[in-house]
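Have a look at the structure below before the remarks.
Lettering follows sequence order; numbering is per chain, from 1.
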Protein chains: 2
Amino acid sequence: MVSSAYLRHMEKNISTEERIKNAAKKIFINKGLAGARMQEIADEANINKAMLHYYYRSKDLLFQRIFDEVIGEFAPKIVSILGGESPLETKIKDFVHHYLEMLSRNPFMPLFLISELRNQPEHVIEKVGIVRSGALSRLGEQLEMETKAGTIRPITPAHFMANLISLSIFPFLGQPMLQSMFGMSDSDFALFIEERKKLIPEFVMSSLKPLS
Amino acid sequence: MVSSAYLRHMEKNISTEERIKNAAKKIFINKGLAGARMQEIADEANINKAMLHYYYRSKDLLFQRIFDEVIGEFAPKIVSILGGESPLETKIKDFVHHYLEMLSRNPFMPLFLISELRNQPEHVIEKVGIVRSGALSRLGEQLEMETKAGTIRPITPAHFMANLISLSIFPFLGQPMLQSMFGMSDSDFALFIEERKKLIPEFVMSSLKPLS
DNA sequence: GTCTATAAAGGGATAGAC
DNA sequence: GTCTATCCCTTTATAGAC
């Protein structure tokens with residue numbers, strides 16, 4: 001038996017906790033751990049500071065929760081796309097399409113992840129599970145197989161991944177720079193990213209094409 | 001007439017000011033504006049906190065000085081390489097070689113610049129002078145000319161620059177990630193970057209090659 | 001110019017009433 | 001669960017002696 005008082009309690013509880021998490025995510029992503037202020041998070045969530053500590057005990061714990069959650073949204077897709085059974089070209093297209101789409105909605109996520117990643121790289125890699133899952137070794141075998149078959153030029157998984165990730169993610173990191181340099185408005189930039197959905201796979205594929 | 005007392009004074013003055021700047025650069029680059037502590041900078045410079053304020057008045061002013069100076073080291077080379085008269089392939093090679101070399105010595109500079117750039121994008125672009133100098137328009141004309149001559153596929157300057165910068169700079173931003181993912185030691189990573197000096201120009205050139 | 005001591009502000013965390 | 005008030009440590013900045 002569940003009392004209606006209990007239900008009301010849980011509703012409010014969930015709602016406040018969610019509000020805090022959303023507020024904290026926004027502030028942390030924009031300012032980082034060191035730059036974020038508990039007061040700012042509280043204001044964003046329309047509650048007072050004491051509530052933050054009531055629910056999450058400390059700034060560090062709150063941050064850790066947010067950080068892990070963001071990684072959880074960001075990472076598993078990489079593993080499933082790259083570790084899957086699709087042909088190389090499909091993987092490249094899927095990867096680029098999925099991430100440009102996602103980053104268009106969350107353009108500050110890369111800077112946040114990369115900044116804070118430095119403080120706990122091993123924790124993150126473990127949490128992402130890209131190594132543990134074997135996705136990388138399967139990708140490596142795929143690259144090796146295609147090389148032997150003569151369908152692509154030889155390339156190591158590290159360089160392949162570095163190229164793919166660089167081309168997809170960096171433009172969001174350099175967005176202010178690119179917009180200033182080329183006088184792009186926000187909608188220009190959105191169009192620019194849209195173009196890259198086609199351009200990056202072409203770019204990567206043609207660089208892999210064997211020299212005839 | 002310049003007294004020897006004055007010279008001693010200036011020597012010490014320059015020396016202390018330099019020491020502060022070097023210390024501040026190191027701390028700011030590693031921790032960012034919000035994460036850096038004046039005490040830490042003072043310790044690094046082997047002086048006391050009061051000196052920092054004596055020379056630079058406030059943390060914000062000290063930061064601004066450092067930030068501008070770092071940009072001054074980083075940026076002009078881009079303008080001179082890309083805005084010059086060399087053939088496209090030479091520009092690509094020069095760009096990649098110069099920046100991978102420089103970033104190998106200063107691997108934290110990209111994160112620092114990109115993080116803090118968000119707070120003052122227009123100031124930076126003006127300071128860099130890449131637009132004002134006309135380097136970008138000259139590069140644009142060069143791309144257009146080569147396209148008309150049929151020596152390369154059509155590409156906009158924005159995408160060209162985005163590709164080149166992404167491939168060169170991102171690996172340093174993602175260094176912890178790449179090292180964890182592929183189990184690279186520091187010297188493995190150095191070798192990885194060394195390989196990219198050849199790989200990136202090949203990669204970019206082959207993607208520009210007209211479809212036969 | 002350089003130091004010690006201290007003021008002043010900022011910001012994370014807790015106590016206690018409701 | 002939520003609020004107000006407050007503690008207290010950290011950090012920036014200044015005063016003042018040398």
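In this structure, B:L62 atom CG and D:dT12 atom P are separated by 11 Å, rounded to whole Å. Rounded to a whole Å, the CD1 atom of A:I20 is 11 Å from the C1' atom of D:dG1. Distance CE (A:M51) to C1' (D:dG1): 5 Å, rounded to an integer number of Å. A straight line from CG of B:N46 to P of C:dT2 spans 13 Å, rounded to a whole angstrom. Rounded to an integer number of Å, the gap from CZ of A:R19 to P of D:dG1 is 13 Å.
With sequence neighbours left out, the ring pair (Phe, Tyr, Trp, His ring centres under 6.0 Å) criterion links B:F203 to A:F203. Residues passing the side-chain contact (heavy atoms from CB on, under 4.5 Å) test with B:E202 are B:K198, sequence neighbours excluded. Scanning for side-chain hydrogen bond (donor to acceptor under 3.5 Å, both in side chains) contacts around A:S86 gives an empty result, with sequence neighbours left out. With sequence neighbours excluded, the residues that form a ring pair (Phe, Tyr, Trp, His ring centres under 6.0 Å) with A:Y99 are A:F74, A:F95. With sequence neighbours excluded, the residues satisfying side-chain hydrogen bond (donor to acceptor under 3.5 Å, both in side chains) with A:K91 are A:Q142.
In this structure, B:F28 has its ring center at least 6.0 angstrom away from the ring center of B:F112.
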Can you give one letter per nucleotide of nucleotides 13-18 of chain C, 5' to 3': B if a protein heavy atom sits under 4.0 Å from the base, S if only from the sugar-phosphate, - if neither?
BB----

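A heavy atom lying under 4.0 Å from DNA chain D marks the following residues of residues 23-37 of chain B, by number: B:A36, B:R37.
Sorted by first and then second residue, the salt bridge (Lys or Arg N to Asp or Glu O under 4.0 Å) pairs involving residues 43-61 of chain A (not counting sequence neighbours) are A:K26-A:E44. Among pairs with a residue in residues 63-73 of chain B, those fulfilling salt bridge (Lys or Arg N to Asp or Glu O under 4.0 Å) read B:K21-B:E69, B:K25-B:E69, B:K25-B:E73, at least two apart in sequence or across chains. Sorted by first and then second residue, the salt bridge (Lys or Arg N to Asp or Glu O under 4.0 Å) pairs with a member in residues 107-131 of chain A read A:E126-A:R132; sequence neighbours excluded. Here salt bridge (Lys or Arg N to Asp or Glu O under 4.0 Å) pairs that include residues 95-106 of chain A, with residues two or more places apart or in two chains, are A:E101-A:K197.
For the helix from C:dG1-D:dC18 to C:dC18-D:dG1, the axis fitted to the five pairs at one end and the axis fitted to the five pairs at the other end meet at an angle of 10° (nearest 10 degrees).
B:D188 and B:Q179 form no side-chain donor-acceptor contact under 3.5 Å, judged by distance and modelled atom types alone.
Listed pair B:N48 / C:dC3 meets the phosphate criterion, a side-chain N or O lying under 4.0 Å from OP1 or OP2. An OP1 or OP2 oxygen of D:dG1 is reached within less than 4.0 angstrom by no side-chain nitrogen or oxygen of A:T16.
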